[in-house]
Amino acid sequence: RELHFLSLVGGYDFDERTYGDLIVGYGYDRLGGHGPSVEGRLTHELTDSIDAQVRASYGLDTAQSNDNVTRVGSYLRWKY
């Protein structure tokens with residue numbers, strides 16, 4: 001595949017420990033397939049060494065660009 005994306009990225013700090021990111025764009029595959037892409041993330045720092053994140057995305061499947069894929073995920077991370 002040969003994918004090209006044009007994206008805009010924005011971030012917002014809700015407070016000292018909570019922040020979000022939004023990425024919107026459009027992808028084009030030279031070999032066929034194109035479409036929008038969007039991803040959002042919300043992160044909260046529970047302590048100085050532990051944070052949690054939820055995220056979701058929708059857009060082109062990079063393996064088969066004629067299809068779209070939706071992903072939802074989260075994590076709890078300990079930084080040491």
Side-chain angles (χ1 to χ4, degrees):
R1 311 283 1 144
E2 186 179 317
L3 299 173
H4 302 275
F5 277 91
L6 177 62
S7 300
L8 296 173
V9 179
Y12 183 77
D13 293 340
F14 294 97
D15 60 38
E16 287 183 3
R17 294 188 171 262
T18 306
Y19 47 92
D21 300 302
L22 181 64
I23 305 163
V24 296
Y26 197 84
Y28 176 77
D29 183 352
R30 184 181 66 82
L31 303 175
H34 57 89
S37 176
V38 63
E39 180 175 352
R41 300 181 207 141
L42 181 63
T43 306
H44 180 73
E45 296 174 356
L46 301 165
T47 68
D48 288 340
S49 61
I50 299 174
D51 66 348
Q53 183 185 86
V54 294
R55 61 189 177 279
S57 66
Y58 171 81
L60 289 177
D61 184 346
T62 56
Q64 176 53 278
S65 61
N66 290 325
D67 296 331
N68 292 320
V69 65
T70 302
R71 293 184 177 98
V72 177
S74 63
Y75 69 70
L76 179 64
R77 178 172 59 184
W78 172 45
K79 299 179 269 188
Y80 59 93

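Side-chain atoms are counted along with the backbone in the values below, which use heavy atoms only and exclude waters and symmetry mates.
For the ring pair (Phe, Tyr, Trp, His ring centres under 6.0 Å) test, residues two or more places apart in sequence or in another chain that qualify with Tyr26 are His34. Checked against salt bridge (charged side-chain N to carboxylate O under 4.0 Å, His left out), Glu45 has no partners two or more places apart in sequence or in another chain. Applying the side-chain hydrogen bond (donor to acceptor under 3.5 Å, both in side chains) test to Arg17 and every residue at least two apart in sequence or in another chain returns Asp48. Legend: residues meeting salt bridge (charged side-chain N to carboxylate O under 4.0 Å, His left out) with Arg30, ordered by chain and number and at least two apart, are Glu2.
Contact between Asp13 and Tyr19 at its shortest, heavy atoms only, is OD1-CB, 3.3 Å. Heavy atoms only, all atoms of each residue included: Gly11 and Asp21 are closest at CA-OD1, 4.0 Å.
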field: Residue pair Glu39, Ser57: steps toward the side chain to side chain donor-acceptor pair (under 3.5 Å) verdict
entry: CA-CA 4 Å; Glu39 180 175 352; Ser57 66; 5.1 Å; no
field: Criterion side-chain contact (heavy atoms from CB on, under 4.5 Å) on Leu22 and Tyr12, from CA distance to verdict
entry: CA-CA 9 Å; Leu22 181 64; Tyr12 183 77; over 6 Å; no
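Cluster note: Tyr28 groups with no other residue, as no ILVMFWY side-chain heavy atom lies under 4.5 Å from it. Counting Ile, Leu, Val, Met, Phe, Trp and Tyr side chains that sit under 4.5 Å apart, directly or through other members, Ile50 shares a hydrophobic cluster with Leu46, Leu76, Trp78, Tyr80.
Rounding to the nearest 0.5 angstrom, the gap separating the OG atom in Ser74 from the CD atom in Gln53 is 9.0 Å.
When hydrophobic clusters are built by joining Ile, Leu, Val, Met, Phe, Trp and Tyr residues whose side-chain heavy atoms come closer than 4.5 Å, directly or via intermediates, Tyr58 is not grouped with Ile23.
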